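The structure appears right after this line, and notes come after that.
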Amino acid sequence: MRIPAISERWRNRLIAFLLFVFASGLVIHAQRDQGIARDEVVYMNYGTRYADWWVDFASGVDGITHKDTITKHFGGARPTDGNREHPPLMKTLFGLSERLLHDELGWTSQTTGYRVPTALANGLLVSLVFLFVLGFWGRTAGLASALLVLFLPRAFFHAGLASFDAPVVAFWFASLMAYYKALQSKWGFLWLGLCTGLTLATKHNAIMLPAVLLPHYIYLVWRMRPPAGNRVWRLWAGFRECRPQVLLGLFVVAPAVLIALWPWLWFDTQTHLKEWIGFHLGHVHYNFEYLGTNWNAPPFPWHVALVTTLVTVPLATLVAALSGFIMVVTRYRKGERADGDGCPAFLLFLSAGVAIGPFLLRSTPIFGAEKHWAPAIPTLCIFAGLGLVWMAKRASDSIELARPKWNRKLVHRASVALLLTTVIGAAWLETSHAHPYSLSHYNALAGGAAGGADLGMNRQFWGYSARGVVPYVNQFAKGDVSAPVYTHDASSAWDRYRREGLLLGGLPNAGREKAGIRKSKIAFVVHEKHFARHDYLVWEAYKKVQPSFVLLYDGVPIISVYVRDELLRQ
Amino acid sequence: MAADVPASNTDGGSAFAKLARGLVPAVLTLAAALYSALVVCNAGESEATSAQWNRLAAEVQGARTATELIVFAPDWIDPIGRQYLGDQMDVEMASRMDSARYSGIWEVGLDGARARETRGLIADRTLEAGPLSLRHYVQAPAKVVFDFTSKWREGKSSGPMQGRPNLSLQEVDFAPHRCIKVVPRPDQTAIMTFEGIPLGSKIVGYVGLADIFTRRDIRDPGRLSLLVDGELRETVRAGIDDGWQRFEIATSPGWGTVEFRLTAVGAKALDRRICFAAEARE
């Protein structure tokens with residue numbers, strides 16, 4: 001039987017789909033080993049609440065759109081009531097997903113049910129990166145870029161959490177693609193509005209998207225202006241050439257999408273919007289270790305985003321990105337068009353610059369590190385993909401000059417295969433090794449996790465690594481005898497470990513701070529610089545400094561577990 | 001549209017040079033990938049094993065005297081060190097003011113790292129166990145004539161302050177220190193006076209601000225002034241980033257009255273937790 005040939009277009013769509021399935025599936029599979037992050041628990045809880053509201057809304061329950069009912073589900077008087085400091089899209093999807101996959105179908109655990117939407121968003125990002133690069137620079141570069149986006153230790157970790165950091169990158173990038181759609185077609189602005197609206201409904205850093213798109217749009221208008229006529233008329237003509245509906249999509253449709261998805265904005269819209277943005281402009285500065293110093297107040301070092309990126313992205317990806325960057329800049333300086341009519345390289349520069357820019361100001365909070373400027377990372381991976389293709393071509397061209405009799409096509413294919421498999425393979429190896437403690441991972445440039453510790457880089461955050469001490473703590477579950485556990489930064493996740501069947505009974509959460517430690521028979525301390533005081537509180541209460549167990553990642557302590565002597569003797 | 005990157009190396013030079021130039025970026029990238037993979041594959045290899053730790057712990061157990069200190073380097077291996085040697089350490093040792101009163105120091109270092117406590121000392125005994133080194137140092141211990149910290153109850157407190165002074169284990173500069181904690185009222189001075197105590201040739205002490213969260217939220221400094229027999233001898237400013245600061249003054253052996261004046265500098269200095277420890281030494 002002859003298999004019918006499929007067109008190039010469909011073949012690429014199939015590749016994009018397979019990338020989506022592969023990336024989503026891999027993350028869904030891998031996240032099962034990841035601990036539950038502190039903030040994730042908050043998003044899960046509110047996700048359930050939001051989802052309930054939407055289900056009632058869809059069912060036409062009486063009074064569901066009443067101001068009081070919406071306030072009860074989505075808001076409240078205080079700035080963090082109803083978790084209204086974060087837009088609702090992903091939380092709502094977490095709740096709906098858990099309801100469907102866990103409650104209704106029973107296909108997943110509860111935690112996985114909540115996390116699936118993030119994994120799917122990350123899968124979407126991977127396939128969109130492929131399609132974007134494919135359109136401008138070809139399939140090989142597209143595949144390389146997409147896989148490099150997938151195999152980033154830190155991003156892979158965030159893709160497995162019920163939080164907003166991976167989804168906002170996906171929707172941010174989708175907005176860049178939709179922007180081109182808006183430039184190309186009459187109704188494309190609706191796509192732009194939809195994608196930007198979804199980004200806004202995901203995380204507050206989306207408000208910076210116009211700073212990416214507008215300068216690029218202005219540049220295109222300037223480029224499209226006709227050669228003759230007065231300056232104003234020429235610019236106006238250029239503007240008309242560039243589908244002015246783009247602005248409609250960005251400034252009318254996108255906010256409408258945000259409002260439609262966030263019932264909290266259905267009344268007192270201006271006030272609620274102001275409060276949302278105001279919360280982040282005046283956000284408390286959490287403690288964060290960087291280069292040996294605990295930072296909790298501005299001015300922060302201007303280089304945090306750059307250095308953190310340098311020591312967390314796989315080294316070969318960085319080198320390839322540098323090559324891609326040099327290639328694009330060199331060709332631009334030579335007057336060659338490196339990136340076609342749409343100037344995608346410029347758009348990618350703007351995207352990375354705007355995502356990272358606030359962190360150069362020295363006043364933007366730095367806690368959260370790479371996840372806060374994550375929308376910059378696809379740019380880096382795309383340049384890495386371009387760099388790999390360029391290097392392979394350069395290498396095969398050189399070999400051809402030196403060995404003209406060799407089969408040119410074969411040499412080129414071998415160069416591409418060698419470079420891509422080695423660099424992507426190294427990125428995969430690093431991502432796989434770092435999992436599930438990726439926030440403690442540092443790349444070869446830093447000297448690995450131990451090098452990161454030597455440099456005094458942040459060890460972790462959100463207390464997610466507590467999952468790693470659960471098997472040790474389980475040893476002390478003795479039937480009906482209760483051994484309360486001081487769970488430090490994992491207190492909100494502790495009960496979820498029990499519900500997931502990971503934690504045995506009789507090991508309840510002892511409570512917070514000194515009272516919790518006093519009550520506890522087992523105590524663990526998550527190692528972050530500013531958490532050192534918790535060790536000392538335990539020493540005083542337990543009258544010893546010896547932990548019974550230390551959870552290590554590549555030899556670096558990430559959690560210490562203390563057990564009272566009487567429990568050890570039992 | 002597919003990548004259309006022009007061939008380079010159309011200029012002069014030998015075929016080999018052209019080939020080399022064309023291959024350099026690819027080779028560098030491959031080298032980076034391989035190095036990166038190597039680091040990942042060897043990540044667990046340089047980790048010290050339980051057997052290696054236990055070997056050093058047994059060595060210390062057999063040879064250490066009660067007046068000897070145990071330290072680890074670099075700082076971040078401290079939890080692992082305490083896991084294996086913690087049964088030979090107590091809270092007092094871990095929260096010491098400094099290392100001067102110990103007659104010897106046992107230092108466990110990873111990959112040749114040295115602890116700040118052994119700076120300037122020469123090891124008289126060394127044992128290697130994989131990436132770990134155990135070194136023993138002997139030092140002349142400081143002779144303490146009067147320990148203000150452990151005898152804090154002998155001091156009389158006065159002046160506006162929150163609560164009373166107390167001896168507690170505090171986090172100062174992200175390290176544990178057993179110290180006298182005093183919280184003066186904003187822009188006020190609290191005083192601790194030790195009357196008629198024995199003095200040696202010097203008073204050595206340390207001061208710092210306790211608790212990372214109050215250091216974050218209250219940015220105003222504290223200040224310690226040290227008076228001996230009514231004469232101001234030393235003033236130390238304790239800012240939020242100044243850490244555990246050492247001070248030392250010379251004294252005449254005999255008896256005297258020592259006064260520590262702790263000030264929360266500025267009207268906004270609420271809950272300024274000033275911690276200090278001091279000893280009169282021979």
Side-chain angles (χ1 to χ4, degrees), chain A residues 136-138 140-141 285 287 294 296-297 314-316 319-320 323 327 340 386 388-395 397-399 401-402 415 418-419 422-423 425-426 429-430 433 443-444 448-450 453-454 527 529-530 532-533 536 539-540 543-547 549-550 552 554-557 560, chain B residues 1-3 5-9 15-16 18-23 25-30 32-41 43-44 46-48 74 76-80 82-83 85-87 89-91 93-95 110-111 168-171 174-176 211-213 215-216 219 241:
Chain A
F136 289 104
W137 294 289
T140 311
H285 293 285
N287 292 287
N294 180 78
N296 56 24
L315 179 60
V319 175
S323 303
M327 184 271 284
L386 296 180
L388 287 177
V389 172
W390 172 70
M391 285 186 285
K393 182 159 174 52
R394 188 182 158 102
D397 286 346
S398 307
I399 293 169
L401 285 173
S415 307
L418 179 66
L419 268 169
T422 312
V423 171
L429 187 68
E430 195 164 331
H433 176 81
N443 69 10
D454 281 336
H527 292 305
K529 193 176 177 87
H530 70 282
R533 59 185 279 275
Y536 317 149
W539 294 358
E540 288 235 278
K543 307 216 176 317
K544 64 176 187 178
V545 298
Q546 186 176 33
F549 175 72
V550 178
L552 304 175
D554 283 350
V556 176
S560 289
Chain B
M1 56 205 113
V5 186
S8 54
N9 301 328
F16 179 77
K18 286 176 187 170
L19 179 67
R21 274 204 300 274
L23 291 178
V27 169
L28 282 178
T29 307
L30 287 174
L34 293 174
Y35 173 64
S36 169
L38 201 67
V39 169
V40 167
C41 293
S46 56
E47 211 176 298
W76 59 262
I77 69 161
D78 188 71
I80 317 173
R82 282 185 284 106
Q83 184 187 2
L85 288 92
D87 56 338
M89 302 167 69
D90 55 18
V91 180
M93 182 195 287
S95 59
L110 178 70
D111 294 329
S168 53
L169 173 55
Q170 294 290 327
E171 172 270 313
F174 307 98
D211 187 63
I212 176 56
F213 288 100
R215 287 202 299 277
R216 179 189 69 176
R219 312 297 287 179
D241 295 321

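Everything numeric in this text was worked out from a predicted model, so none of it was measured. Throughout, protein chains are lettered first and strands after them, A, B, ... in sequence-line order, and every chain is numbered starting at 1.
For B/Glu47, there are no salt bridge (charged side-chain N to carboxylate O under 4.0 Å, His left out) partners two or more places apart in sequence or in a different chain. For the side-chain contact (heavy atoms from CB on, under 4.5 Å) test, residues two or more places apart in sequence or in another chain that qualify with B/Ala48 are B/Gln52, B/Trp53, B/Pro131, B/Leu132.
Comparing B/Ser168, B/Ala94, B/Ser95, B/Ala175 by heavy-atom pairs within less than 4.5 Å of chain A, the highest count is held by B/Ala175. Of the listed residues (B/Asp241, B/Asp87, B/Val27), the one with the most heavy-atom contacts under 4.5 Å to chain A is B/Asp87. Each of A/Val423, A/Asn443, A/Asn287 has some count of heavy-atom pairs under 4.5 Å with chain B, and the biggest count is that of A/Asn287. Residue with the most contacts toward chain B among A/Ala426, A/Ala532, A/Pro557: A/Pro557 (heavy-atom pairs, distance under 4.5 Å). Heavy-atom pairs under 4.5 Å with chain B peak, among A/Asp454, A/Val319, A/Ile399, A/Leu552, at A/Asp454. Here A/Glu540 is the residue among A/Lys543, A/Glu540, A/His530, A/His433 with the most heavy-atom pairs under 4.5 Å with chain B.
Neither the backbone nor the side chain of A/Leu386 comes within contact range of chain B, judged by heavy atoms closer than 4.5 Å. Using a 4.5 Å cut-off between heavy atoms, A/Ala450 touches chain B through backbone and side chain atoms alike. If you measure heavy-atom distances from A/Lys544 to chain B, the contacts under 4.5 Å come from the backbone alone. Both the backbone and the side chain of A/Thr422 come within contact range of chain B, with heavy atoms under 4.5 Å apart. With a 4.5 Å cut-off on non-hydrogen atoms, A/His527 touches chain B through its side chain but not through its backbone. Proximity to chain A is limited to the side chain of B/Phe213, based on heavy atoms less than 4.5 angstrom apart. Both the backbone and the side chain of A/Asn296 come within contact range of chain B, each with at least one heavy atom under 4.5 Å from a heavy atom of that chain. For a residue to count as touching a neighbouring chain, one of its non-hydrogen atoms must lie under 4.5 Å from one of that chain's; by this rule B/Arg215 does not touch chain A. Of the two parts of A/Pro314, neither the backbone nor the side chain holds a non-hydrogen atom closer than 4.5 Å to a non-hydrogen atom of chain B. In this structure, the portion of B/Pro74 lying under 4.5 Å from any heavy atom of chain A is its side chain and not its backbone. At a 4.5 Å heavy-atom cutoff, the contact between B/Val39 and chain A is made by side-chain atoms alone. For a residue to count as touching a neighbouring chain, one of its non-hydrogen atoms must lie under 4.5 Å from one of that chain's; by this rule B/Asp90 touches chain A with the backbone only.
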Could you go step by step and tell me if A/Arg533 and B/Asp211 meet the side-chain contact (heavy atoms from CB on, under 4.5 Å) rule? CA-CA 8 Å; A/Arg533 59 185 279 275; B/Asp211 187 63; 3.5 Å; yes
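Scanning all heavy atoms of the two residues, the minimum distance from B/Leu23 to A/Ala395 falls at CD2-CB, 3.5 Å. Of all heavy-atom pairs spanning B/Trp76 and A/Gly555, the tightest one is CZ3-O, 3.5 Å. Here the closest heavy-atom approach between residue B/Ser36 and residue A/Glu430 is recorded as OG-OE1, 3.0 Å. In this structure, B/Pro79 and A/Ser560 approach most closely via the heavy-atom pair CB-OG, 3.5 Å. Of all non-hydrogen atoms in A/Val545 and B/Gly86, the two that sit nearest each other are CG2-O, 4.0 Å.
Judged by distance alone, the side chain of B/Arg82 and the main-chain N or O of B/Met89 form no donor-acceptor pair under 3.5 Å. One N or O on the side chain of A/Arg394 and one on the backbone of B/Arg21 form a donor-acceptor pair closer than 3.5 Å. Judged by distance alone, with hydrogens and angles left aside, the side-chain atoms of B/Glu171 form a donor-acceptor pair with the main-chain N or O of B/Ile212 at under 3.5 Å.
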